[in-house]
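Note that ligands are numbered from 1 as they come in the structure, with each ligand's atoms numbered from 1 the same way.
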Amino acid sequence: MEKELISIIVPCYNEQEVLSMFRDEILKVTNGMSEKYPHLMFEFLFINDGSKDDTLKILRGFAEDDSRFRYISFSRNFGKEAGMFAGLENCKGDYAVILDADLQHPPKLIPQMYEYVKDGEYDCAGTRRISRKGEPKLLSFFSRSFYKVINKISQTQIVDGAQDYRFMTRQMVDAILSMREYNRFSKGIFSWVGFNTKYIEVENTERAAGTTTWNFWKLLKYSFEGIFAFSTAPMNLSVIMGFIFILLAVAMVVKILICGDEMWGDSLIITLVCLIGGIQLFCIGVLGQYIAKTYLEVKKRPVYIISETEKTYRKRKEI
Ligand code: UDP
Ligand code: MG
């Protein structure tokens, strides 16, 4: 049987505590797969997203111990989205898997994902959280509301609880790479490109070690990214609101003209001024969001910048 390469892509930001645990775990799983399917080969591509701890040192060690381990180190922190993109862009596999370093995405699911995808029935297998155990109640509430809102206003449907843990074919990887946008919202991109996806339902798993970099505000910002990247509904909403207020103003003028000079209280005027001022600000804000995004897109900045890979490191050491 012809050889097939599976690329394991792991974005890492300050993950020194879990990396060796992760390596043991992933090797256990992939060695098991190679035994069952001798034609399978693996490469492990770690993305060091500007970590401030010893992540890079550990990754250098991995690459020295085993030539299947590669890494890309960014010149600074570019965010997980950039990490995943760099992984996909630089992987060589016939299949690619993206998973977190903290073991919240259990590697033991990879064989099952491979089973779904290998016969061509599915192009992608991913995981979907069915419980939000261990997550603050308020956060769960906001997450759920986010999915409801975005699925109402955007044509790109985003599955509630779908994680970034995915096993996909080369065709799907290439499709994702063909989306060159700078403001990357993977949950939307995965769904926008289409393809047949099988979701495996999983329970929420806690981090094996280290700490999460997410907090409420970061998540809120991320959800707005998603809305502004995949829907223009907020912009339409501001147009509709503006239109309603113009109609209202016309109606009021007509009423004054017909009913004569009625007494309009000062407070009413102030209220109206505030109301209309507020709505204008709101609309300008919405518009500004899209202009800001457009601005970033037209600059065509790279999504990430590489400062070191296992190859450049080896070369430098030889000199
Ligand atoms: N991560 C990254 N860059 C960042 C933040 C996170 O590459 O700026 C990686 C991190 O190392 C981990 C994955 O993205 O492998 C998920 O991050 P985290 O566990 O902090 O998020 P959570 O699981 O809490 O959503
Ligand atoms: Mg995590």
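If you check which protein heavy atom lies closest to atom 5 (C) of ligand 1, you get T213 OG1, 3.5 Å. Of the protein's non-hydrogen atoms, the one nearest atom 9 (C) of ligand 1 is P11 O, 3.6 Å. With respect to atom 14 (O) of ligand 1, the closest heavy atom belonging to the protein is K80 CD, 3.2 Å. Nearest protein neighbour of atom 18 (P) of ligand 1, counting heavy atoms only, is R207 NH2, 3.5 Å. Given atom 24 (O) of ligand 1, the protein heavy atom at minimum distance is T212 OG1, 2.6 Å. Scanning the protein for heavy atoms near atom 1 (N) of ligand 1, the closest one is Y13 CB, 3.7 Å. From the protein, the heavy atom lying nearest to atom 25 (O) of ligand 1 is W214 CD1, 3.3 Å.
Under a cutoff of 6.0 Å and an axis angle of 45°, R144 and Y147 do not form a cation-pi pair. In this structure, R166 is positioned above the aromatic face of F190, its NZ or CZ under 6.0 Å from the six-membered ring centre and within 45° of the axis. Relative to the six-membered ring of F42, R68 misses at least one condition, a distance below 6.0 Å or an angle of at most 45° to the axis.
Here the CD atom belonging to E35 is positioned 12.0 Å from the CG atom belonging to L40, to the nearest 0.5 angstrom. To the nearest 0.5 Å, atoms CG (L103) and CG (L19) are separated by 9.5 Å.
The atom of D102 nearest to the Mg ion (ligand 2) is OD2, with the search restricted to N, O or S atoms.
Heavy atoms of N77 found under 4.0 angstrom from ligand 1 belong exclusively to the side chain. Proximity of E15 to ligand 1, defined as any heavy-atom pair under 4.0 Å, is confined to the side chain (atoms from C-beta onward).
Atoms of ligand 1 found under 4.0 Å from any heavy atom of G79, numbered from 1 in the order shown, are 3 (N), 8 (O). Ligand 1 places these atoms under 4.0 Å from at least one heavy atom of D49: 2 (C), 3 (N), 4 (C), 7 (O), 8 (O). Contact atoms of ligand 1 toward Q104: 19 (O), 22 (P), 23 (O) (distance under 4.0 Å to a heavy atom of the residue).
Which of L219, D164, D102 comes nearest to atom 19 (O) of ligand 1 through a heavy atom is settled by distance: it is D102. Counting only non-hydrogen atoms, the option in L99, T55, D100 that gets closest to atom 16 (C) of ligand 1 is D100.
Residue C12 places a heavy atom less than 4.0 Å from ligand 1.
Taking the ring centroids of F69 and F44, they lie under the 6.0 Å cut-off. Ring centroid separation for the pair F185 and Y222 comes in under the 6.0 Å cut-off. Ring pair Y71/F62: centre-to-centre distance not below 6.0 Å.
Tested against E225, the residues R184, K293, K187 include a single side-chain hydrogen bond (donor to acceptor under 3.5 Å, both in side chains) partner, K293.
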### Task
Start with the C-alpha gap between N196 and D123, add the side-chain angles, then the distance that decides, and say whether side-chain hydrogen bond (donor to acceptor under 3.5 Å, both in side chains) holds.
CA-CA 5 Å; N196 238 346; D123 307 289; 5.0 Å; no
